[in-house]
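Scroll down for the structure; my scribbles are underneath it.
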There are 4 protein chains.
Amino acid sequence: MSKTQPKSELKGPDRSARKRVRKDDRPQEIVAAAFEEFASHGYAGTRLEDVAARAKVSKGLPYLYFKTKEELFKAVVRSVITSHFDTIRNEMESTTLSVEDFLKGPFLKFVQELVCSRRVLIVRLLIAEGHKHPELTAFYFDNVVARGLETLRALIDRGVARGEFRETALRDYPQLLIAPMLMAVIWRALFEHHHHLDTDALLKTHIDLMVDAVRAPQSKGDVS
Amino acid sequence: MSKTQPKSELKGPDRSARKRVRKDDRPQEIVAAAFEEFASHGYAGTRLEDVAARAKVSKGLPYLYFKTKEELFKAVVRSVITSHFDTIRNEMESTTLSVEDFLKGPFLKFVQELVCSRRVLIVRLLIAEGHKHPELTAFYFDNVVARGLETLRALIDRGVARGEFRETALRDYPQLLIAPMLMAVIWRALFEHHHHLDTDALLKTHIDLMVDAVRAPQSKGDVS
Amino acid sequence: MSKTQPKSELKGPDRSARKRVRKDDRPQEIVAAAFEEFASHGYAGTRLEDVAARAKVSKGLPYLYFKTKEELFKAVVRSVITSHFDTIRNEMESTTLSVEDFLKGPFLKFVQELVCSRRVLIVRLLIAEGHKHPELTAFYFDNVVARGLETLRALIDRGVARGEFRETALRDYPQLLIAPMLMAVIWRALFEHHHHLDTDALLKTHIDLMVDAVRAPQSKGDVS
Amino acid sequence: MSKTQPKSELKGPDRSARKRVRKDDRPQEIVAAAFEEFASHGYAGTRLEDVAARAKVSKGLPYLYFKTKEELFKAVVRSVITSHFDTIRNEMESTTLSVEDFLKGPFLKFVQELVCSRRVLIVRLLIAEGHKHPELTAFYFDNVVARGLETLRALIDRGVARGEFRETALRDYPQLLIAPMLMAVIWRALFEHHHHLDTDALLKTHIDLMVDAVRAPQSKGDVS
DNA sequence: CATGAATGAGTCTTCATTCAT
DNA sequence: CATGAATGAAGACTCATTCAT
């Protein structure tokens, strides 16, 4: 009563639209909408109301599934991270291709596609907000970064073991195989309107040069 | 008249003296303080009151020099960008070293230092907020990115012209020389606490591999 | 920027009314306004916006002095408690009157006035909200309740020592001298509109009866 | 038909049986749950969802029986008030004990028990919220306060008529017999953790003193 | 010039209430 | 009847910005 309760005697617009799409995927829809908003405006710049609007639900609904804005943010990050990287990791480990062919084939393809997909936006998000969410950063590090680098290192070592590659410091810094992806993502986000960059070619060039750099001497003749 | 000692020695022994001395670089101090805050908390997460506090000025003073928060932000970005890159660019253009030696010497040194300096934080800031400030992004692109890439390309072309390097697509994607810097910056910001990365070695490895990749066949013997 | 900053280009009503009353008693004014609101609507039922409106300040100002609603509430309680009870306590300890005369004179007067004053509203407030603010309750207990009861007990003991009173359990339960005050406060708050109660007479009757009850036998003749 | 066993034995073995059994007292269970919640958190501080949870029903069910939160609150107050005071009133009117013995016996017992029961919490609730619910306060006044005081006054008058008591103003302020109960209730709610108070002894002391105060001079010998 | 009290629009979050199922 | 997902009004709190002193 009194000031605690809404005085409205006349109620909202269309009460019938509710439950229309209702499913147990409501949380997913909200997470999807939140992803777009977070990706566009950053954490602080995103208003939960806009997330709700984009998900076509009421302002209060996200709070039914996510206790706070931060919870929602974490859910967003986790949902993007989860399982998207398992595929390529599995391929890496089970492929019968030569390492060079794998890098120039499936791996390049994967990275090229990743860079064009909406879910790389999560990378920018983490770059921007990660340090405020240590828990999340740790999660990302453990599930994506650490495992990804490990697999890459194993791949390089295999190349060396198979006599494809010479021994180089690359195995100690597999991050170098990934670095151009960051460049591509950031370029697309910031500079694409100023100057077009063919990220596919960028990535391909990088792989080609890297392979050239580490290729074992005797295999030189095989190339052309 | 301007830099003479204050005439009133009666009030505040050295307080007025300090004031005088600081008067001219007040904006700079505010920008410096703002840089730290923006770098730590992002644009939206930074409170102007904290900036003022860090700069040891009153809450209202920043508004004397910068009409809005965004103006201040732009000033911050500009101040970091300005002139820090001219030096290396000049060196690049006037050096007498071989391109390989230049890359492995002054250039590597520059990048390694940049990565450790506080002013790379601006990179993360731009990654995070750049798309909301097109004007700023354009300014950064024109003054840093475009000119930097141009100079790098010229350097590579010089290497080719001098017979040091073979012709590769690297000249079309000089971003590849910079990409590991992004990796280094981001790693330090997000993952350093999880897993140490020797960024100096990372950067060196990258330059070494890149040079190996593009070095002209006959120049192999010339190196040492 | 963007959604973080107010878009308003046209600003509020009268920007000149500010600072009019400005003094360092602003906090006091806010506390006073808050007292009225809390007393009227309880803790949860009070809107800080109404407090601000009553204090004729903007919605945000209370937060400049009180970090949260609860802080303000505590300040309200403390401000009412502080020092109002010292006077009567001092009188109690330094009076030259007989205990009976003191109880029927200054003490009765004090209680009668207290019951009519606005600051007893704090009692109702504490009854209603106290259990949610243990810190505050402890503060009130230490500063008002414990000290008040102690003084009352000393007074009764003095009456016994002087031969005015016989030894009764009243000294163990000095709360009984205060109980009718609670009745008076609560009655006025809840039932006054239903049925008038002469609280002055109620309180006087209670003191008279209590004194009759504990008066030493030999002093009986002295009464009339 | 109404209380026969459910016909469908197939679904839910005894789940449906329980449902049937509970159906009739659902409102009561909800009121009971609501009482606990209101008593603990006050009106505004109580969430209907918690009430439902405590009553082990769904969030929407209370609305089937009570149109609004306020209706439920009223039902709570009424349910506690109703009929609990008739017993003692009847006793008061039909007892064959002397008034003194009645006060020191059944009446004291009743008050002591009341103070320890959960249903006195309603008193604190009314103190806190009563002024916002005039209707409810009126109901409480008519059914509990007015009738209670009337009966007490009649009791005192009977004491006077029987020559047990002298004529005192107590008959005009029977509230004084009740006042210590308020003290006891409030003390238990707020200060018990700070300092234990033997409320039984408090109440007994009060009755003893009051009776001493009003006892007729000649009846002194009659007592034992 | 410099200060910091004051403003008020905006955002997160809660919860009474409704209603499709 | 019973459920609980969904709604949306309201309130706590923040902070960019202003301006009297």
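Note that the coordinates shown come from a computational prediction; the quantities given were computed from them, not determined experimentally.
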Rounded off to whole Å, could you give me the [atom1]-to-[atom2] distance for the [X] and [N] pair?
{"X": "L48(B)", "N": "dT3(E)", "atom1": "CG", "atom2": "P", "result": "14 Å"}
{"X": "K56(B)", "N": "dT3(E)", "atom1": "NZ", "atom2": "C1'", "result": "17 Å"}
{"X": "K69(D)", "N": "dT17(E)", "atom1": "NZ", "atom2": "P", "result": "8 Å"}
{"X": "F66(D)", "N": "dT18(E)", "atom1": "CZ", "atom2": "P", "result": "15 Å"}
{"X": "K67(A)", "N": "dC15(E)", "atom1": "NZ", "atom2": "P", "result": "10 Å"}
{"X": "L72(C)", "N": "dG11(F)", "atom1": "CG", "atom2": "C1'", "result": "15 Å"}
{"X": "D50(D)", "N": "dA16(E)", "atom1": "CG", "atom2": "C1'", "result": "13 Å"}

Which heavy atom in K59(C) sits nearest to a heavy atom in A52(C), and how many Å separate them? CA-CB, 3.9 Å
Non-hydrogen atoms of A34(B) and V76(B) that approach each other most closely: CB-CG2, 3.6 Å
Who pairs with [N] - Watson-Crick or G-U, where each distance is under 3.5 Å:
{"N": "dA12(F)", "answer": "dT11(E)"}
{"N": "dA16(E)", "answer": "dT7(F)"}
{"N": "dC1(F)", "answer": "none"}

[X] vs [N]: side-chain N/O to OP1/OP2 distance below 4.0 Å:
{"X": "K59(D)", "N": "dT3(F)", "answer": "no"}
{"X": "Y65(B)", "N": "dA2(E)", "answer": "yes"}
{"X": "R26(C)", "N": "dA6(E)", "answer": "yes"}

Of H131(A), H133(A), K132(A), which is the lone residue that meets side-chain hydrogen bond (donor to acceptor under 3.5 Å, both in side chains) with E129(A)?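 With E129(A) as partner, side-chain hydrogen bond (donor to acceptor under 3.5 Å, both in side chains) holds for just one option, K132(A).
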Heavy atoms under 4.0 Å, any strand shown: does L61(A) hit a base, just sugar-phosphate, or nothing?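 L61(A): base contact, heavy atoms under 4.0 Å.
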Here's a test of your reading of the structure: between V57(C) and E49(A), which maps to the more 5' nucleotide of DNA chain E?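 Between the two, 5'-proximity favours V57(C).
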By nearest nucleotide on DNA chain E, pick out whichever of L64(C) and R47(D) is the more 5' one.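 The residue whose closest nucleotide sits nearer the 5' end is L64(C).
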With respect to the side chain of Y63(C), which nucleotide from dA6(F), dT14(F), dT17(F) is positioned closest? dT14(F)
Any chance you could lay out the side chain to side chain contact (heavy atoms under 4.5 Å, CB included) test for L72(B) and Y65(B), step after step, and finish with the verdict? CA-CA 8 Å; L72(B) 177 56; Y65(B) 304 108; over 6 Å; no
Comparing G60(A) with G60(C), nearest DNA chain F nucleotide closer to 5' gives the residue G60(A)
Would you kindly compare T46(B) and S58(A) by the position of their nearest DNA chain F nucleotide and give the one closer to the 5′ end?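 It is S58(A), whose closest nucleotide lies nearer the 5' terminus.
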Would you sort out whether K74(D) and F139(D) count as a side chain to side chain contact (heavy atoms under 4.5 Å, CB included), showing the intermediate values? CA-CA 10 Å; K74(D) 288 178 182 173; F139(D) 181 79; over 6 Å; no
